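Whatever order the structure lists them in is the order used to number ligands and atoms, beginning at 1. Owing to the predicted nature of the structure, the values given are computational and were not obtained by experimental measurement.
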Amino acid sequence: MAKSTTTHARQAIGWLTLASTSLLLGACSMPGTRTNASLPTLDGRAPLVIAHRGASGYVPEETLEAYARAIELGADVIEMDLVSTKDGVLITRHDPNLAISTDVAKHPEFASRKKTIRVDGETQTGWFSNDFTLAEIRMLGAISTDAERPQQYNGLYKVPTFQEVIDLAKARSAQTGRTVAIYPETKNPSYFRALGLPMEDKLIAMINAAGWNSKTAPIYVQSFEPGSLKYMKSKGLNTRLIQLIDGDGVDMKTGTVTFANPSDRPYDWTQAGDKRLYNVMTTPAGLAEIKTYADGIGPWKRFIISTKGAIGADGKINDADATSIQATSLVADAHKAGLFVHPFTFRNESRRLAADYRGGAKNEYLAFYRAGVDGVFTDFPDTALEARALYLKETGR
Ligand code: G3P
Ligand code: CA
């Protein structure tokens, strides 16, 4: 979701952000002036590093290998998207369309299952998880979803079930003595419910079986669709719940988040005829509503620190053509409402970094850590951890 955006030179880096950054850096550089006050997170603890789809910057996403690599790199949490197979098994894929993240197109035995359908209002051509049994999905190999990332593992790793990822997290936690949490997302829940393959009750049963149905268990459950979260809460899910908040792009002149299908509103709102956009969730009233059923928000990062600029000379929209602007009040507003904030998604590639970060991904993490976020979804957990170490050092820890 949430495409990258924007724009041009260094006109308007939010001066307040810069000012507060300078103060922190200044304090850091002078011995004896560092502070040990609690961090500006909701609970005063260090922000979480959440490995988005595993260590997806290095290994084909949402595979056991990607999750294992993330754990080896030291991630606090591994994130996974859940979709359903034809026989109702929850597997970890970002999209029901298997063409995006597997080698299904290279399997002649499945050629006849290629079709064009609507997924959450978007026309897609491909092969869809709901047309494949788990046994058939076991025949596929995962591939990189990003041409800029390593391709040498394409086809080598299988699509795991959610249960296998739970088992991995538990096994690695036991082996290392370091608890690794998981962060499952019900992906396209209305789509699967309409096909007679609802995910929520299965997810709750698996969480109960894992012994993790509590607020203190090492699990966070997320969705873009409020109805999915509200349903699970009503059915006795007691874990931490996170409302995801999407956007499509950024108005390069103003830095305002823009909206377009399918990143304009939750699809259950679309189905109900509710025309509001995701941005209503970022208002104090929207946050108060979220607090009635969730514990945190997972907003696209541009709702917190956006960018301004102009389309680059190559005619493409790159973050590197834009410059960061002053942080919004969203983190403070969410904290005031009692909600933690885990923005997505942080990536190392220089074209995905605003120009003022000067190609240094750690500078982006530092800006968000200083803004008080409670965690970050990242494709490169090692970089997020290095930046967190710098942040903790500068705050006297
Ligand atoms: O779940 C957080 C983040 O992953 C949301 O974006 O599209 O990558 O699932 P997406
Ligand atoms: Ca996700």
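- Donor-acceptor pairing under 3.5 Å is recorded for the side chains of Y293 and Q243.
- Using a 4.0 Å cut-off to heavy atoms of K187, the atoms of ligand 1 that qualify are 7 (O), 9 (O), 10 (P).
- For ligand 1, the atoms lying closer than 4.0 Å to a non-hydrogen atom of H94 are 7 (O), 8 (O), 9 (O), 10 (P).
- The atoms of ligand 1 that sit less than 4.0 Å from any heavy atom of R53 are 7 (O), 8 (O), 10 (P).
- Interface of L244 with ligand 1, defined as ligand atoms under 4.0 Å from a residue heavy atom, comprises 1 (O), 2 (C).
- Listed by atom number, the atoms of ligand 1 under 4.0 Å from Q222 heavy atoms are 1 (O), 2 (C).
- Note that R113 lies outside the cation-pi zone of F128, set by a 6.0 Å cut-off to the ring centre and a 45° limit from the axis.
- There is no side-chain donor-acceptor pair under 3.5 Å between D251 and T258.
- Shown are the protein N/O/S atoms under 3.0 Å from the Ca ion (ligand 2), given by residue and atom: E79 OE2, D81 OD1, E185 OE1.
- Of the N or O atoms in T345, none lie within a sub-3.5 Å distance of an N or O in ligand 1.
- Within the 4.0 Å heavy-atom criterion, the part of D81 lying near ligand 1 is the side chain and not the backbone.
- A cation-pi contact, defined as under 6.0 Å to the ring centre and within 45° of the axis, is absent between K275 and W269.
- With a 4.0 Å cut-off on non-hydrogen atoms, Y183 does not touch ligand 1 at all.
- T133 and D87 form no side-chain donor-acceptor contact under 3.5 Å, judged by distance and modelled atom types alone.
- When only modelled atom types and interatomic distance are considered, N238 and S214 share no side-chain donor-acceptor pair under 3.5 Å.
- Under the 3.5 Å distance criterion, with hydrogens and angles disregarded, a donor-acceptor pair is assigned to the side chains of Y191 and N130.
- In this structure, K301 satisfies the cation-pi test against F346, with its NZ or CZ atom closer than 6.0 Å to the six-membered ring centre and inside 45 degrees of the ring normal.
- In this structure, R265 is not positioned above the aromatic face of Y278 in the sense of NZ or CZ being under 6.0 Å from the six-membered ring centre and within 45° of the axis.
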Check the pair R302 / D319 against salt bridge (Lys or Arg N to Asp or Glu O under 4.0 Å), numbers first and verdict last.
-> CA-CA 11 Å; R302 294 289 173 248; D319 287 295; 3.0 Å; yes
